[in-house]
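Lettering follows sequence order; numbering is per chain, from 1. In this text, all values refer to a predicted model and were calculated from it rather than measured experimentally.
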Amino acid sequence: MKTIIPAVKGTREFYPEQMAVRNYLAEKARQAAHAFGYQEWDGPFLETIDLYAAKSGEELVKEQSFVFQDRGGDLVTLRPELTPSLARMIAARQNELVYPLRWWSFGPFWRYERPQKGRSREFFQWNVDMLGVNSPEADAELIAVAATFMKSVGLTPGLARIFVNNRRLMDARFEALGIPPEMRLAVSNLVDRRNKMTPENWEAYALEQGLSRQQLDGLKSLLADKDLWQTWDELVRLFAALEALGVREYVEFDPNIVRGLLYYTGTVFEAFDLSGGVRRAILGGGRYDNLLADVGGDPLAGVGFAMGDVVIGIVLEENGLLPPFVPTPAPVMVTVFDETHWLDSLRLAAQLRQAGLNVTCYPEPAKLPRQFKFADKMGMRVVLVCGPDEAAAGQVTIKDLQSGTQNQVPRPEAARLIREILERA
RNA sequence: GUGCCCAUAGUUCAAUUGGCGGAACGUCUGACUGUGGAUCAGAAGGAUGUGGGUUCAAGACCCACUGGGCACCCCA
C-alpha cells in the first residue's frame, strides 16, 4: 500500500497548476504564430534513428536520444527535435505544397540527458518554420514571431533579448584569418565555450586547437566587434526589416552566437534571459538552406526556430510574469442546501449551463460554510444558494465572492445577473 | 556519460559532541445550526528517500542505490 512506483526519471507530472502554465505557453505561442499567418502541423512522436543520423549532430543522436527496440525488432526513437521530420514531410509532398510555407507546432520531445534545472528528459517545444524563401527579410519575420511571443508574455527587451549572427559572415572572416574549412567546427566550438572558461585557459585551449597567435588575436577582435554586421549585406537588410517589423529593440548582433546544430547555413539567432545571474537560452534557430536536399528532396530554403517550455516557464515564474492560477474553469457554484433541495440545485445548475455558463454544483448536501470555503479555494467568483426561503419565493441568492455582496433574485434573471458579475473586473 | 553538493510532516526548514524528532505555513475541527477570506482555540499528520554497515545508542558517521541540484558536455 505504501509502495509508490516513481515516475520515470526526468519526466514531468502536470498537476492542474502546471498544466495551466503549459496551456498558457501553448496559447501564447499559438497567438504569435497565428498573428503572422503560420499553419499548425505536427509530425510523429516516434521516428527511426536514421532520420536524425544525417544532420542533427552526433551527440544528439548517439547519446541524447531515447531509442527502443519495437516488437518487430526495429529501432525506434522518441523524437529529440522536429526539424528532420519537417524536412521529410515536406520532401514527400514537395511539389503539391503551397509556398512560401509557414508552419508551426507545439508538442512533446525527449532527450536522454542528465536532468537539472531548466532541463528535463521530457519537454514541450514550440517550432516555427518558413520554407521556400531565402531572404534576410524572411529571417527577420521568424525573429519577429519570437519577439512577438516574448512581448506577449511580458518579457521586455530589458529582461530578454534575441542575439543574432550569420554563419556565412563568420566563415568569410575565418577565411580572411586563414583558418581552413576543416578547422571551422573546432573554432565554432571554441567560440561557444568562451564565456565558460577563464580568458587565459581559453587562449591556451585555442592555441592547442591549432590556431596561431595571430589568428587568435584576429578571432578575439572579431568576437569583440559589435558593429561587424554593418559590413554584411544580409545583416544590414535583416536589421532594416526588424526595424520595419517593430521588434528592433529586442534584437542585437552578437558574433559569439554559433549554435551547435550542423544544418544552419546563414542567419542564426538565440534568445537569452537577461533577468537572472546566468544567461539562459530561451529559444534558438536559424536558416537551413540545405536540409531538404540532404534528406532527398529538391533544394529548398528554410528558416525556423524552436523554444522549449522548461526554461521559458522558469524565467516567467522568476519574474512574476505567469498569470495567477485559477483552479476551476467554472466561475459559478450552486450550493446544495440540504437533501430536500438537492435536485433543485441540480436543476438550477443545468439551467445556467443551458444559458452558456460554466457551473459546478456542490456534489452533496453539506454545511454552507464548508461549501463556501470550497468555492473560495477553487477560485470561484459566484456562489448561488437555493434554500427554503428562495424556493418558496421562486428565487435564488447570488453572492459575488469578490465583493462579498449578495442579492436574492427571481430565478429567470439569474443567468443574466451572474453574467454581469463575471463581466466586472 | 564525468565531478561535486543535497534528501527530516503535504510544503519550507530546525534538532548542540552520536543520547526520547520540533516549528512555521498548509490541512482538519470548533468559536459561527443560512454564507468564504481575517482572527483565536484545538487536533491530526513522520517506519528521518531505499538497502546495508559502525555503535550500548544513528536524522547525524561509513558504503551502495534512487531521486534532485550545481558545474562539465550538449542544448530547448
Basic-acidic side-chain contact under 4.0 Å: D309(A), R12(A):
yes
How are the rings of W229(A) and F239(A) set relative to one another: parallel (under 30°), tilted (30 to 60°) or perpendicular (over 60°)?
tilted
E317(A) bridged to K117(A) by N-O distance under 4.0 Å
no
Toss me the dot-bracket line for RNA chain B: Watson-Crick and G-U wobble, both under 3.5 Å, 5' to 3', using | for pairs to another strand and [ ] for crossers.
(((((((..((((.....[..)))).(((((.......))))).....(((((..]....))))))))))))....
Across all chains, not counting sequence neighbours, the ring pair (Phe, Tyr, Trp, His ring centres under 6.0 Å) partners of W342(A) are none
Please list, by residue number, the residues of residues 334-350 of chain A whose heavy atoms come closer than 4.0 Å to an atom of RNA chain B; answer none if no residue qualifies.
F337(A)
Both K9(A) and G308(A) contact RNA chain B. Taking the nearest nucleotide for each, which residue is further toward the 5' end?
K9(A)
Could you walk me through whether E390(A) and T397(A) pass the side-chain hydrogen bond (donor to acceptor under 3.5 Å, both in side chains) check?
CA-CA 7 Å; E390(A) 290 86 352; T397(A) 295; 2.5 Å; yes
Answer with base, sugar-phosphate or nothing: what part of the nucleic acid does I282(A) contact at a heavy-atom distance below 4.0 Å?
sugar-phosphate
Contact check, residues 120-129 of chain A vs RNA chain B, heavy-atom distance under 4.0 Å, returns S120(A), F123(A), Q125(A)
With no hydrogens and no angle check, do the side chains of Y264(A) and N165(A) hold a donor and an acceptor under 3.5 Å apart?
no
Have a look at D309(A) and say if it touches a base, only the backbone sugar-phosphate, or nothing, with a 4.0 Å heavy-atom cut-off.
nothing
Side-chain atoms of T397(A) come closest, of G68(B), U35(B), A76(B), to U35(B)
Salt-bridged, E234(A) to R287(A), with N to O below 4.0 Å?
no
Send over the distance from F272(A) CZ to C75(B) P, rounded to a whole Å.
12 Å
Tell me whether D254(A) is salt-bridged to K226(A), with the criterion being a basic N under 4.0 Å from an acidic carboxylate O.
yes
Base, sugar-phosphate, or nothing: which does V385(A) touch, judged by heavy atoms less than 4.0 Å apart?
base
A23(B): syn or anti, per glycosidic angle within 90° of 0
anti
More than 12 heavy atoms of other residues, nucleotides or ligands under 6.0 Å from CZ of R102(A): yes or no?
yes
For a quick check, tell me whether the side chain of Q406(A) and the base of U35(B) share a donor-acceptor pair closer than 3.5 Å.
yes
E364(A) CD: over 12 foreign heavy atoms closer than 6.0 Å
yes
Could you check whether the rings of F66(A) and Y112(A) sit parallel, tilted or perpendicular, using 30° and 60° as the cut-offs?
perpendicular
Look at all strands and tell whether G379(A) reaches a base, only sugar-phosphate, or nothing, counting heavy atoms closer than 4.0 Å.
nothing
Is the shortest side-chain N to carboxylate O distance from D289(A) to R167(A) below 4.0 Å?
no
Given C75(B), G34(B), G30(B), identify the nucleotide with an atom nearest to the side chain of R111(A).
C75(B)
Taking atom C1' in both U29(B) and A44(B), compute the distance separating them and give it to the nearest angstrom.
10 Å
Table of protein N/O atoms under 3.5 Å from nucleotides 4-7 of chain B N/O atoms:
unit_1, atom_1, unit_2, atom_2, d
C4(B), N4, R114(A), NH2, 3.4

L321(A): which of V153(A), L159(A), I312(A) passes side-chain contact (heavy atoms from CB on, under 4.5 Å):
L159(A)
What string of B, S and - do you get for nucleotides 36-41 of chain B, 5' to 3', when a contact is any protein heavy atom under 4.0 Å?
BB----
So E141(A) and E137(A), do their side chains get closer than 4.5 Å, heavy atoms only?
no
Between Q116(A) and A71(B), is there a side-chain N or O to OP1/OP2 distance below 4.0 Å?
yes
Given A76(B), G30(B), G69(B), the nucleotide with the shortest approach to the side chain of K117(A):
G69(B)
Indicate yes or no: does R419(A) engage E423(A) in a salt bridge with an N to O separation below 4.0 Å.
no
